[in-house]
Structures are given as C-alpha cells and as structure tokens.
Amino acid sequence: MSEKKVRVRFAPSPTGPLHVGGVRTALYNYLFARHHGGDFILRLEDTDQTRFVEGAEQYIIDSLKWAGISPDEGQGFGGDFGPYKQSERKAMYKPYADQLIEQGKAYYAFDTPEELDQMRDNAKKMGMPNWQYNSITRSNMKNSLSLSQEEVEERLKNGDPYVIRIKMPRDMDIKFEDIIRGWVSVNTNNLDDKVLFKADGMPTYHLANIVDDHTMEISHVIRGEEWLPSAPLHQFLYQAFEWEAPKFAHLPLILKPDGPGKLSKRDGDRLGFPVFPLNWTNSEGEVYSGYKESGYFPDAFVNILAFLGWNPGDERELFNLDELCKEFTLERVGKSGAKFDPDKAKWYNQQYLRQRSSDELADLLKGYIAENGLQNTSFEMAPICELMKERATFIKDIYEDGKYFFEGVTSYDEKTTRKKWKEQTTGIMTEWLETAKSIEDYSADHVEEQFKAFITSKELGLGAVLPNFRLLLTGVGSGPSLFSIAEILGKEEVISRMETGIAKITELKSQEA
RNA sequence: GGCCCGUUCGUCUAGUGGUUAGGACGCAAGGUUUUCAUCCUUGAAACAGGAGUUCGAUUCUCCUACGGGCUGCCA
C-alpha cells in the first residue's frame, strides 16, 4: 500500500502574515516528514489574485526559517516539482478542468457573480439561508447542462465569461478515513457544484490543490480543521480523475484564550501576547507583535506549538525539535480545539532560557543590547547572566532586572529607602565602607565573610543592614545574592557606589526632615 | 437555518469497562532565602446532562445541551 515515499506540504495562502495556527500546521507537517524520513514542501496557494499582500510570501519563508523548520523543497527552497507557486503553474490547470468537462463530470456555467448574489439574496428572503448551486438548482441556471448546445457554443465563441463547475451527483455517500478523526461520511446532496475554474482563468483552491498534490506526489495532507467540510469534494475529485488520494489528517484549531472562536489577528495585542511568529507591519503601518521580537526562543516557540494538540503520552513536556521529530505521530494528535495559554508559553520560554549556558545567554544579551541601542557594560556579561538567569523569562529580563550592571545606579528605590534606611544607617554604612576599602579579595565568599564579621562585631542583624548595602550597590530593594553582585562589580566600583550612595541618600533623608 | 467535527480540573492534557481519575501551567498555603525570583512540600480544582448496553460505565451506543468549523468565481 504505502510503499510510497512520505511527502507532505504546507500550503498557505500568502494573503497576510502566518499566525501561530499556520505555523503549527507547518510544524506538524515538518515533524511528520522528519519522523518518516520524507520530504516537507512549501507551496504557495495564491490563486486569488485580488488578495495579494506585499511581503506575505517572504514573511512565510522567514517565519519557517526562524522556527527552524525550513522546507526541503518549495517556494524559495528549490526542488524538482516546481514551480511551487500556483500563480506560476496557471497553465497547468485548464487541461484538467477540460478533461472533466469532456467526461461529463463538470460543466460550464455562465451566471454572473451579480446573478448569483441575487439568487442567494432572494432565497434568503424566502427563508432559505443556504441556497446552493447544486444538482437541483443548476437546471434553472445558465450553464451547459441547462442551455442548448448551440447557445453554449455561441457563448464560448463570443468569449462570454464562464466558470467551470463540478457536477456533483445526487444522493451518493462519500466516505474517507481521516487519520485523526476516523471515518467521515457526507452525502452529496449536501454538497454543491463548486467552481473549479474561475472566469479569470485561474483555478480555485479546490482544483489547484488536487492537481498539485497529485503532481507533486504528496502522500499525506495535513491541514487545519477548517478544510474538513471540503475534504469530501476533494475526495470526489480524486475519484473523478481516477487518482489515488493521499491520506488526510485534519488538525484541531487553536482557539482564543478568552471567549469563543478561533484565534485571530487582533487577539494577540488585545490580550498581550503575540499570535504571529515575527513582527508584521500591515499596509496601514500598524504593527502586530511576533514571538521572535517578544523575546521567545525558536525552540521554546516550537515546543509550545507542538504541545497545542499533541503530547507524547507520558509526562514529559520539554522537547527540542530533534526529540519531537523522533516522537511525533499523528495518532497522538488530539481531536478538540485548544485554547492558547499565554502563561504556559512564558513558562516554556523560562525553561529554555535556563537550559542555556551563561556564555550563550551573554551573546544573546549582547545582541539584545546592540539591537535596542541600550547601555553596554564593562563588566563580564557571562557572570551577570549566570546570576540573573534563575529569575528571568526572557533575555530582556536579564537586562531590566540587572539594569544596575549596565546603567549604574540612577535612583534609589523609594520604599526601601524609607523603610530600611534609619538614622543610624549612614554611620553604619560609612564604617562598613572603611572596612570594605581594606578588603582586597572581592570574591563573593570573601566579601560575605567580611560583611558577616562586620555586623557581628557591631551586634547588628543581617536584615537591618544588608538591604541598605544592596541599595547602595544597586539602587533597588531586591535581587540575587548581593555578594555575588559585589564580586562582579569589583572593589573599585563597590567603593565608588557606596561613597556616592551614602552621600545621596543622606542628602535625600535630610531634605525629607 | 443546513452540513460536518468536537466535549476530562480555569487552561493544556494523560488515562481505563471496575483507578484514591495522573501530570503541567496558573492559583492558594507553608518551608528555604537578607530580599525578589528560583527551589521544595502541601492544597483547592474535572469526566456537560439524560437515556440505554452491562454485574459495573468517565470509558461503548443514542438523544439533548454546549463549543467550533464550513456554508464565495477566498484560501
């Protein structure tokens, strides 16, 4: 049976940026291909010329690359089955439509869009919300089944606009087995005579899709659930052409985190999380945020998406791409839609951040600083990352929570100053400053030892003194081990920060009084 | 409205004809910590409802409810 090589395709329409649902579909295709040693193909379905969006094609390619799931062949990636863009394959489709006409499986229809709108409107007014062009109604329409042969020829010769529609038979059950959903069955009485070929000379999605999947030797069609209703039509077309149909797998949809409905473009920025892999600026100049720019790692992003509808069947949750390729099967994909959980997404990123070495984080942090034109530091970046990574979710947290390493101390946290800096503190800190000056070894352990000896000799409590020391070195009331911070800053900087800090806080305090 | 698909903690989910229905995120409490975060422990939290089938159904069947998708010369 399926000795055939596994070949799957991701076939988006370049009408805008890809959102996470689309990327997940691409990911599942990629994982399936890798798991079976097959090919993953990118095909652009741009048969609707009115919906062309500048930059969308490149956006799709860039997104897949960023996520690390580049196609083996396809638009922008080469291959032997090209072109991979339907607008460039335009000439291929007509003969297939003609073949169906010759075989009596399809027919010409001359009804104008206006006439069809009129039909639907009238039907609606008469209480029929779903008027369809089908085996019943087609006899009342202008087509090659209802018109005389002479008139049809006349119209064709005159160059009257026409479409080609499938002639859906009456009362026939179409069944197919979906890998995820099992047997799906629909009666053709509920199906309409879909347009296969448009008046502008382009095929519709339905025709192009079948012809391309067949000629590109696609073995499995893995796509979103929104295609399930047209799957019977596609099945019927394979039969009409007498082609072996690929296997189908319809993926559940990704839903909004709050109310009902599938995740849409606006949800992300409304709810404070991205729905797109990369930033996207529309023609009006509005920017929609992307995972990349929001600080997500590609591997975390992939992990998040993989688990929206799939799981390994045990309790592991952290999977990199290689592991996913090894373990992914369509049989373990769920049937029901998943609501996107922004909190869980952050948690994943945090896990991946912590897995990274301090050197790796240091490089990323340098990139972040450069990209955003932020203040660089003369301190070693890796130890800072080592110190901050436990409490960070994104690279930017390392910078923001450790600003004092980069921008120095620019202010003193009001609350901590008010609550912890007592009258006698200035004196204590000045004494500690003198001691600190005499210390040569500024390793964290040694500073801690000296500090503790100091407070013991003064009969002071750690909780009363340390927050003030922290205030002097960082300007903030909380953070990682202060002694480690001191080690990174080094003796010179510690002394200098203490001197200016004591002076400034004392001044602030005296102004209050 | 019609057709199709779905329904286990708030969310993502595991799971079985007989289980204390498991995990993760989030939430709450306690512990650790100079502090914040981390970390550890504990806790609250689910089989949509109703009929069947069965000795026994969360698990199988049907109905209802709810959710979702589709219903274009869009994909």
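Just so it is clear, the values below take in all heavy atoms, side chains as well, and ignore hydrogens, waters and symmetry mates. Bear in mind the structure is a predicted one, so any value in this text is a computation, not a measurement.
Dashed line: the shortest gap from a side-chain N or O of Asn311(A) to OP1 or OP2 of A14(B) is under 4.0 Å. OP1 and OP2 of U34(B) both lie 4.0 Å or more from every side-chain N or O belonging to Arg470(A). Residue Arg223(A) has no polar side-chain atom (N or O) positioned under 4.0 Å from OP1 or OP2 of C70(B). Using a 4.0 Å cut-off, no side-chain N or O of Arg51(A) falls inside it from OP1 or OP2 of A75(B). For G72(B), the OP1/OP2 oxygens have no side-chain nitrogen or oxygen of Thr204(A) closer than 4.0 Å. For the pair Lys335(A) and U13(B), the criterion of a side-chain N or O lying under 4.0 Å from OP1 or OP2 is not met. Residue Arg354(A) has a polar side-chain atom (N or O) positioned under 4.0 Å from OP1 or OP2 of C39(B). Residue Lys198(A) places at least one side-chain N or O under 4.0 Å from the OP1 or OP2 atom of C74(B). For Arg120(A), a side-chain nitrogen or oxygen approaches OP1 or OP2 of C73(B) to under 4.0 Å.
Rounded to a whole Å, the CD atom of Glu317(A) is 12 Å from the C1' atom of U11(B). Atom-to-atom, NZ of Lys194(A) to P of C3(B) comes out at 16 Å; the value is rounded to the nearest Å. G72(B) atom C1' lies 17 Å from atom CE of Met202(A), rounded to whole Å. Distance CG (Asp193(A)) to P (G72(B)): 13 Å, rounded to an integer number of Å. In this structure, His250(A) places its NE2 atom 20 Å from P of G68(B), rounding to the nearest Å. For the pair Gln49(A) CD and C74(B) P, the computed distance is 10 Å after rounding to whole Å. Following rounding to the nearest Å, Ile398(A) (CD1) and C36(B) (C1') show an atom-to-atom distance of 16 Å. Arg391(A) has its CZ atom 13 Å from the P atom of U34(B), to the nearest Å.
Across all strands shown, Ser478(A) has heavy atoms under 4.0 Å from base atoms, whether or not it also approaches the sugar-phosphate. Using a 4.0 Å heavy-atom distance criterion, Arg332(A) is classed as a sugar-phosphate-only contact. Among the heavy atoms of the strands, none lies under 4.0 Å from Gly461(A). Leu482(A) comes within 4.0 angstrom of a base, heavy atoms only. Nucleic acid contact class of Asp117(A) (heavy atoms, under 4.0 Å, all strands): none.
Under 3.5 Å, the side chains of Glu407(A) and Tyr399(A) contain a donor-acceptor pair of N or O atoms. The closest side-chain donor-acceptor pair between Asp48(A) and Thr50(A) falls under 3.5 angstrom. Counted by atom type alone, Asn187(A) and Asp171(A) present one or more donor-acceptor pairs between their side chains at under 3.5 Å. Looking only at atom types and distance, the side chain of Asn311(A) has a donor-acceptor partner in the side chain of Arg332(A) under 3.5 Å away. When only modelled atom types and interatomic distance are considered, Asn320(A) and Tyr352(A) share no side-chain donor-acceptor pair under 3.5 Å.
Asn130(A) contributes a side-chain N or O that forms a donor-acceptor pair with the base of G1(B) under 3.5 Å. With hydrogens and angles left out, the side chain of Arg181(A) and the base of C5(B) share no donor-acceptor pair within 3.5 Å.
Here C25(B) sits opposite G10(B) as a Watson-Crick or G-U wobble pair (both hydrogen-bonding atom distances under 3.5 Å). Nucleotide G18(B) is matched to C55(B) when pairs are restricted to Watson-Crick or G-U wobble geometry with both distances under 3.5 angstrom.
Aromatic ring orientation, Trp432(A) versus Phe454(A): tilted (interplanar angle from 30° to 60°).
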